[in-house]
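Everything on this sheet refers to the single structure shown next.
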Amino acid sequence: MGSSPARTPPGETACPRPSGHYFGVVKLLFIADIVGQPGRRAVKELVPQLRQAHAVNLVVANGENSAGGSGITVNTAEEIFAAGVDIITSGDHLWDQKEVMGLLEGERRFVRPLNYPPGTPGQGSTIFQAQGLPPVAILNLQGRTFMPTLENPFHAALAEVERLRRTTNVIFIDFHAEATSEKVALARMLDGRVSAVVGTHTHVQTADEQIFPGGTAFLCDAGFTGPHESVIGREIEPIVRRFMTNMPQKFEVAKGRVLLQGAVVEINEQTGRATGIQRVSQAL
Ligand SMILES: [Fe+2]
Ligand SMILES: [Fe+2]
């Protein structure tokens, strides 16, 4: 997998760039589902500004819709990494492009939902290492309510968090799920054990950002990065027609009113507790 295992232990990700400002607080920018070319353009143009404005140490982005709105390829992932994203997570659109195998089999900066059955290619978590920063674990999980049935994400999360905490207590989770209750429940279960749980998948940003009593930051859904003059990123008319007629339609990625959405989370290095969470919704 890694080309230089002596310098980058398995499951860990080397950082190609300096980590920026760092004073015992880790600042993580999470970017919600990047949809198609407009989403990638927003990342390319806005990530450098956001990195600077928020003194961000690392950037995590959900890339499950980055290739034409469905799935991800090696090329789209490269474009996203080149724009300043350190780690890419995914979700139920993981398999939409066959080229994803190139990422699952060889890219340590790419994470898929952990709770696929044993033997599935890829990794459900990674540990980001950068000079001057504590190790930061990134974990991706997928919900099961109104979604394809995977392994139970609650049991998978408990075991994996326990394992990751042997290395670091700075742990960020992208929980890719449909139901708000499932997302709140998982985050409540993990309160005090992880730094943040941020939801993705609905493409609708919620306004419930908060820090639970144990120190876990939470946002039910971070929204999506792409064209918002749309129905969750797609052209409006075909979606309306589909709801009205039940007939199959081609859903093209929309174009208008591109926003980068997500959240900035501040985490205390020593305790792993979140000290802040702020929603991001910035126009291109
Ligand atoms: Fe999804
Ligand atoms: Fe998505």
Side-chain angles (χ1 to χ4, degrees), residues 29-43 59-73 76-77 79-80 85 87-100 103-104 110-116 120 122 124 138-151 153 156-157 172-184 186-187 197-206 219-236 238-239 242 250-255 257-263 279-281:
L29 167 64
F30 178 71
I31 298 173
D33 303 29
I34 300 166
V35 175
Q37 192 273 341
R40 300 201 306 276
R41 190 157 41 90
V43 168
V59 182
V60 179
N62 186 301
E64 72 149 7
N65 304 110
S66 58
S70 300
I72 184 165
T73 63
T76 53
E79 210 180 312
I80 293 165
V85 171
I87 304 289
I88 299 178
T89 57
S90 58
D92 57 312
H93 284 288
L94 178 66
W95 309 104
D96 290 358
Q97 307 282 343
K98 62 180 185 312
E99 292 92 335
V100 75
L103 294 171
L104 289 168
F110 182 72
V111 185
R112 54 126 172 105
L114 172 78
N115 50 322
Y116 274 94
T120 305
I138 312 298
L139 167 57
N140 192 190
L141 293 159
Q142 188 170 310
R144 303 200 297 179
T145 307
F146 310 129
M147 296 188 86
T149 306
L150 300 182
E151 308 283 341
F172 177 87
I173 297 183
D174 169 0
F175 188 24
H176 197 79
E178 180 76 43
T180 49
S181 58
E182 192 173 12
K183 292 194 245 195
V184 175
L186 183 112
V197 177
V198 174
T200 53
H201 176 68
T202 71
H203 291 202
V204 176
Q205 190 177 70
T206 57
L219 175 63
C220 203
D221 206 292
F224 80 95
T225 296
H228 280 246
E229 197 56 34
S230 69
V231 177
I232 63 170
R234 305 302 178 124
E235 292 287 3
I236 296 165
I239 306 255
R242 167 72 179 270
K250 199 166 189 324
F251 298 147
E252 302 285 359
V253 171
K255 295 180 184 68
R257 202 161 63 87
V258 177
L259 302 177
L260 183 150
Q261 292 193 318
R279 270 181 289 137
V280 173
S281 186

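We count ligands from 1, going down the list as the structure has it; atoms in each ligand are counted the same way.
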Item to complete: Would you name the heavy atoms of Leu219 and Ala263 that are closest together and state the gap between them?
Response: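 Scanning both residues completely, I find the closest heavy atoms to be CD2-CB, 4.0 Å.
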Discussion item. Test: salt bridge (Lys or Arg N to Asp or Glu O under 4.0 Å). Region: residues 139-150. Which pairs qualify, not counting sequence neighbours?
Written reply: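 Found none.
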Item to complete: Classify the ring geometry between Tyr116 and Trp95 as parallel (under 30°), tilted (30 to 60°) or perpendicular (over 60°).
Response: perpendicular
Discussion item. Rounded at 0.5 Å granularity, tell me how far CD1 in Ile80 sits from CD1 in Ile88.
Written reply: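 Reported to 0.5 Å precision, the distance equals 4.5 Å.
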Worksheet item: Nearest 0.5 Å, what's the OG1-CD1 distance between Thr89 and Ile138?
Response: 8.5 Å
Worksheet item: If waters are left out, how many protein N/O/S atoms lie within less than 2.8 Å of the Fe ion (ligand 2)?
Response: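 With waters ignored, the protein N/O/S count below 2.8 Å is 4.
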Fill in: Heavy-atom check, side chain of His203 versus side chain of Val35, under 4.5 Å
yes
